[in-house]
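Structure first, then comments.
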Amino acid sequence: MKAVFYRIGPEKYDPNTGSMTATEAVVGSKMCSIYDLSSTERITLLGRMDVKGLTLHHQGHVIAADAVLVGSKRYWVRSSRSLNHKASYVLEEAKS
């Protein structure tokens with residue numbers, strides 16, 4: 001499945017709305033293998049049971065991203081690591 005990686009930038013003032021808005025930049029997209037976290041993995045890795053968690057793997061180096069869009073859902077990157085040209089991420093579902 002294709003995943004789109006995002007980097008969240010600093011907030012900027014929007015004079016039209018009078019509030020601060022976050023800037024987002026697309027870092028890249030990759031074809032990835034995606035797996036659900038089991039209940040014990042959610043407690044161990046995320047510290048909570050009530051959120052959906054995923055592990056995501058792709059070939060190549062780790063992409064420095066704050067969020068990942070998988071399908072139509074956004075996930076926060078909790079941790080990332082690279083081993084032998086395979087990047088792995090632990091993702092937590094973003095609450096809207």
Side-chain angles (χ1 to χ4, degrees):
M1 179 175 259
K2 192 169 202 165
V4 180
F5 294 85
Y6 287 94
R7 187 91 178 144
I8 308 296
E11 291 186 342
K12 293 185 179 180
Y13 178 72
D14 184 8
N16 296 330
T17 62
S19 63
M20 301 294 282
T21 57
T23 58
E24 292 183 355
V26 175
V27 178
S29 62
K30 289 261 191 182
M31 291 301 289
C32 302
S33 299
I34 300 168
Y35 303 99
D36 286 328
L37 290 176
S38 69
S39 58
T40 55
E41 290 172 327
R42 276 186 276 174
I43 292 172
T44 304
L45 297 173
L46 303 176
R48 296 171 30 186
M49 177 84 173
D50 61 339
V51 295
K52 180 175 175 154
L54 300 175
T55 57
L56 184 137
H57 309 283
H58 68 77
Q59 293 294 330
H61 297 290
V62 169
I63 298 172
D66 297 318
V68 178
L69 190 66
V70 177
S72 62
K73 289 194 174 195
R74 174 173 290 204
Y75 295 88
W76 297 115
V77 177
R78 291 291 302 257
S79 66
S80 60
R81 66 187 300 180
S82 182
L83 182 63
N84 295 336
H85 300 289
K86 180 179 176 184
S88 300
Y89 304 84
V90 174
L91 307 176
E92 176 184 351
E93 185 177 17
K95 300 291 182 184
S96 298

Original post:
Which atom names give the shortest non-hydrogen contact between Glu92 and Val51, and what distance separates them?
Top reply: OE2-CG1, 4.0 Å
Subject >> Closest contact, heavy atoms only, Ala64 versus Arg7 >> reply: O-CD, 3.5 Å
Original post:
For the atom pair NE2 (His61) and OG (Ser80), what is the distance rounded to the nearest 0.5 Å?
Top reply: 13.5 Å
**OP:** Considering non-hydrogen atoms only, spot the tightest contact between Ala3 and Cys32 and give its length.
**Re:** CB-SG, 3.9 Å
**OP:** Supply the atom-to-atom distance Asp50 CG to Lys95 NZ, rounded to the nearest 0.5 angstrom.
**Re:** 6.0 Å
Original post:
What is the distance from atom NZ of Lys52 to atom CG of Leu46, rounded to the nearest 0.5 Å?
Top reply: 12.5 Å
Original post:
Which ILVMFWY residues can you reach from Val68 by hopping between side chains whose heavy atoms are under 4.5 Å apart?
Top reply: Met1, Phe5, Val27, Ile34, Leu54, Leu56, Val62, Ile63, Val70, Tyr75, Val77, Tyr89, Leu91
Original post:
Can you tell me if Asp66 uses its side chain to pair, donor with acceptor, with the backbone of Ile8 under 3.5 Å?
Top reply: yes
Original post:
Which value, rounded to the nearest 0.5 Å, describes the distance between Glu93 atom CD and Lys73 atom NZ?
Top reply: 4.0 Å
Subject >> Reported CD-to-NE2 distance for the pair Gln59 and His85, which is rounded to 0.5 angstrom >> reply: 9.5 Å
**OP:** Report the hydrophobic cluster partners of Tyr13, with the cluster defined as I, L, V, M, F, W, Y residues connected by side-chain heavy atoms closer than 4.5 angstrom, directly or transitively.
**Re:** Met20
